[in-house]
Every structure is written in C-alpha cells, then in structure tokens.
Asks: 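Pasting a structure here, questions to come.
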Protein chains: 2
Amino acid sequence: MLELAILGLLKEQELHGYELKKRLSDTLGFASGVSFGSLYPALARLEAAGAVKAVEAKAAVTTPIPLTGSLSGELAAFRARKGVVRGSRGKKVYGITDLGDGLFEELLATESQSNEDDRLFNMRLAFARHLPPDARLGMLERRRAHLVERSVQIRARLKAVRDGYALSLIEHDREAAEHDLSWIDRLIASERAGAHASDPQAKPDHPAASTTTSTSNGAGIPSLSGLRPVDTEEDTAP
Amino acid sequence: MLELAILGLLKEQELHGYELKKRLSDTLGFASGVSFGSLYPALARLEAAGAVKAVEAKAAVTTPIPLTGSLSGELAAFRARKGVVRGSRGKKVYGITDLGDGLFEELLATESQSNEDDRLFNMRLAFARHLPPDARLGMLERRRAHLVERSVQIRARLKAVRDGYALSLIEHDREAAEHDLSWIDRLIASERAGAHASDPQAKPDHPAASTTTSTSNGAGIPSLSGLRPVDTEEDTAP
DNA sequence: TTCCGATGTATCGTGTCGATATATCGGAGT
DNA sequence: ACTCCGATATATCGACACGATACATCGGAA
C-alpha cells in the first residue's frame with residue numbers, strides 16, 4: 001500500500017527515506033504517520049522490483065576521511081568501506097524509474113475490490129490528479145457506494161446495542177459516515193462541474209469550487225486551482 | 001489489542017470464536033470487522049496465558065480433547081482420525097477465568113501512552129461501563145487532549161499543501177477531528193452531569209447477564225444534547 | 001440423495017508497527 | 001577547542017493484524 005505513496009512522491013522529485021517519511025506524515029492526510037519499519041522495507045521491495053533506484057547523492061562518497069587519529073572518524077571510514085555507496089552523510093536518495101512509473105499508474109488505477117480500505121482511498125485521492133477525469137469520477141462513485149453501504153450497516157447495528165457507551169460510539173460512527181458521504185458528494189459535484197483539465201501535466205483551468213455553500217465549511221472543495229509545485233525544489237542540502 | 005475486546009465480551013457470556021467475531025463486527029463500532037486471522041491467534045494467546053479457557057460445549061463432549069500442549073503436529077494427526085470431538089458441531093466455547101478478569105481490568109485501565117490509537121480508544125470506550133467514573137473521565141480527557149493536538153497538527157499541514165485533492169483531503173481530516181472533538185466534549189459533559197453512581201439505567205459493577213430490558217432507550221448516555229465544550233485548561237489559538 | 005451455502009476452527013504469508021541500534025552532522029555550552 | 005546533545009538518517013527486530021485459504025460439519029433445497 002505504501003508503494004503507491006512512495007512512487008507518487010518520487011514522481012515529483014527524488015528523495016531519501018527520511019524526507020519521504022516526513023512528506024508522508026506531513027503533506028498527505030494519513031491518520032498516523034508511516035513508520036520506518038514499513039517505509040524502509042517498502043523501499044527495498046520497490047528497489048528489488050526495479051521501480052526505484054538509488055541515485056547519486058550530491059556530495060558523492062568522495063569525502064576523504066582524514067585520518068586525524070579521531071577514533072570516530074576511523075570507525076566511520078572502516079564502516080564505509082564495506083557499505084553501500086551513499087552520500088556524504090549516508091543518505092540514500094531514490095528516484096523513480098520508467099518501470100516504477102508504470103507501476104504507479106497501475107496501482108493508482110487498480111479497481112480495489114469492494115474492500116477499499118479507507119487509507120487506500122485517501123492515498124488514491126491524494127494522487128488523483130494523475131488520473132484521467134473519468135477514472136477519477138469512477139473512483140469517487142465507487143467510494144460513495146461503499147460509504148452508503150457502510151451507513152446502512154451502521155444503522156443496522158444501532159438497533160442491536162443496549163449499552164450507553166457503545167451506543168454513543170456507533171451513533172458517532174454513523175455521523176462520521178454521513179459526513180464522509182456529504183464530502184464525497186461535494187467532490188463528485190466539483191468533479192462534474194469543472195471536471196476536465198488535469199492530465200498529469202495539465203494545469204487546471206479555473207477554480208470550480210465556488211458553488212459549495214451547503215455546509216458550514218467554506219473550503220470543502222479544493223478549488224482545483226492547484227498551484228503546481230513551483231518548480232523542482234532544490235534538493236535538501238546534501 | 002483484540003484481547004481487551006475478547007475479554008470484555010466473554011465477561012458477559014461464554015462464546016465461541018465465530019460468534020465472537022460476529023459480535024466484534026456487529027455490536028462494537030469497529031471500522032473493519034476483525035478477521036479470523038487475528039481472532040484465533042488472540043484467543044490462543046489468551047488461553048495460553050490462562051485468561052480464558054475452553055468450556056464444555058452444550059452438546060456434551062464425552063471425550064475431552066487432550067490438549068496437553070500438543071502442537072500442530074499432534075493436532076493435525078488428531079484431527080486426521082476423523083473423530084475430533086468438540087461441541088455438537090466442533091464448536092469450542094470459551095469462558096473467562098478469574099485471571100482473565102484481572103487482565104481485563106488491567107488492559108482497560110492502562111494509561112495508553114500518548115499514541116492512543118483510535119481503535120484502541122473506541123475499544124476502551126465500548127467497555128467504559130466497567131470503569132469507575134473517575135477513570136472514565138480521565139480517559140475522556142486524555143482523549144480530548146490528544147484530539148486537540150491532532151487538530152493543531154492538521155492545521156499546520158494545511159499550509160504546506162498546494163495540490164487540490166490533497167488539500168481537500170486534509171481539510172476533511174480537519175473537520176473530522178473537530179467533529180470528534182465536539183463529540184468527546186459532549187461525552188465529558190454528560191459524564192460530569194449525570195454519570196456517577198446514579199446513572200439512570202444501570203450501575204454496572206457487574207455485567208449481570210440478566211440486564212435484559214432497557215434496550216428501548218439509549219439509557220447510558222442519553223442526553224447528547226448540544227452542550228458546549230467543557231472548560232479544559234488548554235485551548236489552542238486559531 | 002446430493003449438493004450447496006452457512007457455520008466453524010485453524011494456519012500461512014505479507015505488511016505494518018513500535019522499539020531499538022547505529023551513526024553522522026550542526027550547533028550550544030563550556 | 002572541546003564535548004555533549006538533539007536532529008537527521010538508515011536499518012532491523014519481534015509482535016501481531018489481516019486477507020486468503022484449507023478443512024470440516026451441519027441444515028436444508030434440488
């Protein structure tokens with residue numbers, strides 16, 4: 001599951017693991033940040049599959065280790081000899097390959113069978129701009145159907161519960177599901193209204209958001225005037 | 001994590017695995033139903049720890065299964081000879097032991113360290129009636145603090161995102177967090193108002209199995225009227 | 001009677017998580 | 001100049017939840 005997110009981020013720029021984690025936790029909307037225990041294995045899988053590859057870190061490995069008698073320095077040199085070539089500070093910067101690009105498209109477009117984990121949907125939505133408009137709409141409508149079904153199930157549960165706390169819990173779940181549903185509806189409406197215009201490369205035409213005054217929230221629709229990343233930001237200082 | 005739920009359900013009545021799963025999926029408010037792949041190992045762990053034990057199934061198992069710590073090998077051989085006698089239909093009904101009862105209390109009251117997974121909180125809340133009122137209140141307030149912190153973090157993320165879909169995603173997260181917060185506030189208010197010893201319906205020190213009625217009404221936390229946030233110490237400047 | 005679907009227990013591989021080990025770098029303090 | 005400390009950074013470990021799957025039995029429909 002992480003693969004999709006990793007590839008999506010590497011599509012925009014080359015990154016090393018630590019930075020990747022920060023972006024996963026910060027810029028994407030995941031409930032709990034991804035841990036290293038899943039990130040590094042996922043990167044290893046992707047590298048083994050040829051979807052990403054380590055690129056040369058800016059400062060290369062050429063940093064001469066001055067044998068100044070510093071204990072730590074010599075230790076470092078010793079370790080560096082039997083290790084993989086990395087950047088000046090052990091960074092291992094990854095970039096996406098053509099194969100990885102294909103894998104990304106495939107993962108993004110995969111028809112998730114009925115289960116559709118919430119996290120996975122969020123993931124896909126976060127990268128929805130890489131999808132053609134019709135696929136986007138299909139994804140949203142599938143999600144909607146899923147939420148409707150969940151809503152029904154929750155309502156069924158409500159009758160079976162007698163304990164006060166459990167009841168409140170389920171009631172809250174119901175509200176959350178309905179809230180999700182109305183959110184999806186707003187997204188679908190927005191998609192239908194201002195739909196076309198985002199290829200992976202294309203820039204959105206105009207903000208289509210304005211109509212959504214329905215529920216208290218003003219910013220419900222993201223006004224797809226996504227200011228694309230200014231440019232390829234500079235790499236974090238190597 | 002499942003252990004808490006299993007013990008909580010077995011506290012009310014003896015159940016076998018399949019039924020246990022149904023209750024976990026139906027009556028509790030878990031996003032995705034618990035799978036057998038986690039339920040059975042959890043039951044096995046609990047049995048190994050002496051917290052639960054298999055009881056006689058109704059339909060008279062005349063041949064007690066010699067579970068002398070035999071492992072899969074013996075078990076497979078045993079099963080192979082066609083005569084595996086459990087309940088009338090192979091059911092294996094579990095009951096909670098005194099030791100398990102203690103474990104339940106311990107798990108329920110454990111101070112979850114700052115992380116406080118959402119599912120775990122839901123779990124605890126579902127069994128909150130087994131907690132003394134002050135512990136309940138403490139749990140809710142810890143949860144509240146957690147949500148406030150999350151809210152802050154989400155708001156921080158909002159500034160860093162430029163893509164339309166990702167932005168909408170985070171915005172939705174923010175609303176969900178605020179919704180959760182107001183829900184917790186209502187729970188706290190309700191707890192402060194009428195919760196202690198004189199809860200309308202039941203003061204469930206012991207989950208007497210005979211609490212048959214009382215289903216009609218929400219009972220436990222009925223007054224979910226719109227109450228304003230409680231006055232807690234920390235508030236975050238918008 | 002036969003077959004099918006619901007019930008029921010159990011295991012396997014995979015992925016994620018939290019904790020932890022190791023190491024480097026920049027800067028604060030002394 | 002020195003050391004110590006916290007942020008950066010990669011990596012692995014054990015625990016465990018999950019989906020898939022295998023196997024078995026029961027109740028009833030064909």
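Keep in mind it's a predicted model, so treat the numbers as computed, not measured. Reminder, nothing fancy here: chain letters follow the sequence lines and each chain counts from 1.
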Asks: Counting only side-chain heavy atoms from C-beta out, which of C:dT16, D:dC18, C:dT7 sits nearest to B:K22?
Replies: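 Nearest to the side chain of B:K22 among the choices is C:dT7.
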
Asks: Main chain of B:L107, side chain of B:R124: is a donor-acceptor contact present, judged purely on distance under 3.5 Å?
Replies: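 Yes; at least one donor-acceptor contact below 3.5 Å.
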
Asks: How close or far is atom C1' of D:dG14 from atom CE of B:M1, stated in whole angstroms?
Replies: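 After rounding, the reported distance stands at 18 Å.
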
Asks: Taking only Lys NZ, Arg NE, NH1 and NH2, and the carboxylate oxygens of Asp or Glu, determine whether B:R144 and B:E141 approach each other closer than 4.0 Å.
Replies: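 Salt bridge absent between B:R144 and B:E141.
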
Asks: In whole angstroms, how far is the C1' atom of D:dC18 from the CG atom of A:L120?
Replies: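 It works out to 14 Å between those atoms.
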
Asks: Under 4.0 angstrom, heavy atoms only, what part of the nucleic acid is A:L2 near: base, sugar-phosphate, or nothing?
Replies: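 Contact class for A:L2: sugar-phosphate only.
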
Asks: Looking only at side-chain atoms of A:Y40, point me to the closest of C:dT11, D:dA11, C:dC17.
Replies: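 The listed nucleotide nearest to A:Y40's side chain is D:dA11.
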
Asks: Should B:S38 be listed as having a side-chain N or O under 4.0 Å from OP1 or OP2 of D:dC16?
Replies: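 It does not, given that no N or O in the side chain of B:S38 lies less than 4.0 Å from OP1 or OP2 of D:dC16.
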
Asks: Looking at D:dT10, D:dA9, C:dT9, which one has an atom nearest to any side-chain atom of A:K92?
Replies: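 From the listed options, D:dT10 comes nearest.
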
Asks: Is the distance from the ring center of B:Y165 to that of A:F127 below 6.0 Å?
Replies: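 Judged by ring-centre distance (under 6.0 Å), B:Y165 and A:F127 do not meet the cut-off.
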
Asks: Side-chain N or O of B:R45 less than 4.0 angstrom from OP1 or OP2 on D:dA17?
Replies: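 The answer is yes; a side-chain N or O of B:R45 sits under 4.0 Å from OP1 or OP2.
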
Asks: For the side chain of A:S35, starting at C-beta, report the closest nucleotide among D:dA17, C:dG18, C:dT9.
Replies: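 The answer is C:dG18.
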
Asks: Atom CG of B:L15 and atom P of C:dT9: how far apart are they, to the nearest Å?
Replies: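 Result: 10 Å.
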
Asks: Keeping the roles fixed (side chain from A:T110, backbone from A:E106), state whether a donor-acceptor pair exists under 3.5 Å.
Replies: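 Yes, A:T110 side chain to A:E106 backbone: donor-acceptor pair under 3.5 Å.
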
Asks: Determine the contact category for B:G17: base if any of its heavy atoms lies under 4.0 Å from a base atom, sugar-phosphate if only primed atoms, P, OP1 or OP2 are that close, otherwise nothing.
Replies: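 Contact class for B:G17: sugar-phosphate only.
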
Asks: Is there a side-chain polar atom (N or O) of B:R119 under 4.0 Å from OP1 or OP2 of C:dT16?
Replies: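 For B:R119, the contact criterion (side-chain N or O under 4.0 Å from OP1 or OP2 of C:dT16) is not met.
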
Asks: Round to a whole Å and report the spacing from CG of A:L39 to C1' of C:dT20.
Replies: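 Rounded to the whole Å, the gap is 17 Å.
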
Asks: Side chain of B:P41: nearest nucleotide among D:dA17, C:dT11, C:dA10?
Replies: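 Of D:dA17, C:dT11, C:dA10, C:dT11 is nearest to the side chain of B:P41.
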
Asks: Roughly how many Å is it from NZ in B:K91 to P in C:dA6, rounded to a whole number?
Replies: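 Those two atoms, NZ and P, are 17 Å apart.
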
Asks: The side chain of A:Y18 lies closest to which of these nucleotides: D:dT8, C:dT16, D:dG19?
Replies: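 Minimum distance to the A:Y18 side chain belongs to D:dT8.
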
Asks: Rounded to whole angstroms, how far apart are CG on B:L43 and C1' on C:dG8?
Replies: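 Atom-to-atom, B:L43 to C:dG8, this comes out as 13 Å.
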
Asks: Using atom NE2 of A:H16 as one end and atom P of D:dA11 as the other, report the distance to the nearest whole Å.
Replies: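 Roughly 12 Å, once rounded to whole Å.
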
Asks: Can you label the angle between the A:F104 ring and the A:H130 ring as parallel, tilted or perpendicular, going by 30° and 60°?
Replies: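 Perpendicular.
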
Asks: Could you tell me how far apart B:F36 (CZ) and D:dA24 (P) are, to the nearest whole angstrom?
Replies: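 To the nearest whole Å, that distance equals 18 Å.
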
